[in-house]
Amino acid sequence: MKTAKISNPSIVLQLDGLTKKIGGKAIVDGLSFDIAKGEVVGLLGPNGAGKTTTMRMIVGLIGMTSGDVRICGQSVRTNFEQAISHVGGIIENPEFYPYMTGYDNLMQYKRMTAGVTEARIAEVTRLVGMQDALGKRVKAYSLGMRQRLGIAQALLHEPKLLILDEPTNGLDPAGIREMREYLKQIAEAEGIAILVSSHLLSEIELMCSRIVVIQEGKLVTIRSLGESETPTQKLLSISLQVGNAERAQELINLMEDITIARADALTNRITLQLRQDQIPGLVGKLSTAGVEIYRIEEVRETLEEEFMKLTGGNRIA
Amino acid sequence: MRNFTGLLVNEWLKLSKKRSFFVAYAILAVVFGILAYAFYELSPDGLNSTVDFATGTIMLQAAGQLVPVLAVLAAAGSVTQEHRYGTIKFLLIRAQSRNKILASKYIISVVYTLTLVLTAAVLAVVAGYIVYGGGAGESTWSDFLTNIASLAVYSIVFVTMTFMIGILTKSNGASIGVGIFSMMVGSLLVMLLSRYTITKYLLFSNTDLSVYNGEGPPIEGMTMAFSIVILLVYMALFLSVSFAVFKKRDIA
């Protein structure tokens, strides 16, 4: 049993050179990254980048050509039953036996895992707010209800890792928001690590603490999201809407360390780069010079823009 | 072990929670009811007792043929329905090996087949008793039991074959089609090819063991022991293919 490549005990999921070749072509190519306890990590990539294949290899639905996946130190390749017992998953839409009730469906999965009690079933159904619908047949469920039941089945055996492939697929905006809240709550309250893929980048941005970007099966980048600390020395991008752009420009040019990125005399908008502690001074100067300020906004690069930059648009490999 | 029992319970519930579950048993009841009524009205020659009736109707050439057909319908769905519903994804990400999951499915398919055989047997005796109220005839209880046993063997062989086709094709319709088609055409094929001795190694020449208690084997020189060995070899082949393919398959 080859296991101990783990150095940090809080690492829940470890991908190590994960590769899938089909007919000589690498669908996933030497992918390696780790996820620690309580982390919510987004897996991003254009269509055909290998996201779903990666997730299916992690849960053992698809065999790997080389490399390994370790979950809590157990190899999916050589020690499948132990490794998978730490994982809960929804791979694409949650599907159930439509002719059975929600309760019967959950009981199916209870019988497959040692140690799941009736009390646990009650607990997870309460968590996803399904206690009233549990006696109905699944075929009468809306997609939103099926998604919730999907989360319930994934949490049933108290996993340490959740694998969610497109969990918000087909949900309406309210459902998406609800799903996001659940996931955050689960990650925080129970310390579960979550790996989630979605093509809704704004969702990923709101949900994840880190993203892993892949393209054509290869790792492009791993980075953290939402560093909320605003270092006073960091350069910010600010957009100003003023009464007279030309006058404002003249004044700003006189100030040190402020660069104008763009100025538009027609809409009277100026985009400039400066440090946070320079903003009050700038506003004061403009006011005393009689330049009216209508708006001050921070210009942030969205994840989408960043994603496009990283992957070079949505090319399908 | 407790876990494996859980898997068996699961598979049984997947069959029995379906609304159509009782239809198979109801069909058997209706058919034996009709037969009983027909025999009561027509009172054909040579059939004089409950045992005669039961032994005759449960044969493969009579109402017994329904049993393997109904069993094949269920066996075809065992794996293919999981693919159709998409539940295979949830099923295979549990702390259970694929071998155990498939074994539970196969065992329940066989158990279900046996319940159909048993139901047909009970119905045959009850219907026969209603019409003849006992009586003395040619057949003995041992003939009846022999026919039940060969019906069970025949059904299980075709269930095993259909089960494998379900795994290979993932299609419910295709496996039902192939299963029932080979049941119908198999015996025809054996008749057509009966002058070649190699035909005796064909699966279909050996599926009906009741011939050794009556008309004799389709090809001379065949014995009951020979047929049983051939059947076991085919079953082992079907099952090894099933397990090997199911274990390796990528669920995409």
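Lettering of chains follows the sequences in order, A, B, ..., and the numbering in each one begins at 1.
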Just how far is it from atom CD of A:Glu95 to atom CZ of B:Phe90, taken to the nearest 0.5 Å? 7.5 Å

Using the ring of A:Tyr109 (Phe, Tyr or Trp, six-membered ring only), decide whether B:Arg94 places NZ or CZ under 6.0 Å from its centre and within 45 degrees of its axis. yes

Taking the side chain as every heavy atom from C-beta outward, state whether B:Arg19 and A:Tyr99 have any atom pair closer than 4.5 Å. no

Measure A:Asn105 against the heavy atoms of chain B and call it side chain, backbone, both or neither at under 4.5 Å. neither

Looking at chain B, which one of A:Gly150, A:Ala83, A:Pro98 has the largest number of heavy-atom pairs inside 4.5 Å, strictly under? A:Pro98

Contacts under 3.5 angstrom, residues 111-130 of chain B side chains, donor-acceptor by atom type, not counting sequence neighbours:
residue, atom, partner, partner atom, Å
B:Thr113, OG1, B:Ser109, O, 2.7
B:Thr115, OG1, B:Tyr25, OH, 2.6
B:Thr115, OG1, B:Tyr112, O, 2.6
B:Thr119, OG1, B:Thr115, O, 2.6

Is there a side-chain contact between B:Tyr85 and A:Phe96, using heavy atoms and a 4.5 Å cut-off? no

Sort A:Gln82 into side chain, backbone, both or neither according to what part of it lies under 4.5 angstrom from a heavy atom of chain B. neither

Which answer fits B:Gln81, side chain, backbone, both or neither, if we ask what part of it has an atom under 4.5 Å from a heavy atom of chain A? neither

Look only at the side chain of B:Lys89 and the backbone of A:Ile91, and say whether a donor-acceptor pair between them is shorter than 3.5 Å. yes

With a 4.5 Å cut-off on side-chain heavy atoms, are B:Lys14 and A:Tyr97 touching? yes

With a 4.5 Å heavy-atom cut-off, do B:Thr5 and A:Arg111 have their side chains touching? no

Between B:Arg249 and chain A, which part of the residue has a heavy atom less than 4.5 Å away: side chain, backbone, both or neither? backbone

Residue that, paired with B:Ile93, satisfies side chain to side chain contact (heavy atoms under 4.5 Å, CB included) out of A:Leu61, A:Val87, A:Ile90, A:Ile58: A:Leu61

Might you work through the salt bridge (charged side-chain N to carboxylate O under 4.0 Å, His left out) test for B:Asp250 and A:Arg56, ending with a clear yes or no? CA-CA 9 Å; B:Asp250 282 348; A:Arg56 286 181 185 227; over 6 Å; no

For A:Met112, is there any backbone N or O sitting under 3.5 Å from a side-chain donor or acceptor partner on B:Gln96? yes

NZ/A:Lys21: more than 12 non-hydrogen atoms of other groups inside 6.0 Å: no

Whether the side chain of A:Gln108 engages the backbone of B:Asn10 through a donor-acceptor N/O pair (distance < 3.5 Å, no angle test) should be reported. yes

One option among A:His86, A:Met107, A:Arg137 has the most heavy-atom pairs under 4.5 Å with chain B, and it is A:Arg137

Salt bridge (charged side-chain N to carboxylate O under 4.0 Å, His left out) evaluation trace for A:Glu81 with B:Lys100: CA-CA 11 Å; A:Glu81 286 177 55; B:Lys100 272 197 233 160; 3.8 Å; yes

B:Ile101 portion near chain A, given a 4.5 angstrom heavy-atom threshold: side chain

Heavy atoms only, distances under 4.5 angstrom: which of A:Ala154, A:Ser85, A:Gly89 has the most pairs with chain B? Name it, please. A:Gly89

Over 12 foreign heavy atoms within 6.0 Å of NZ, B:Lys18: yes

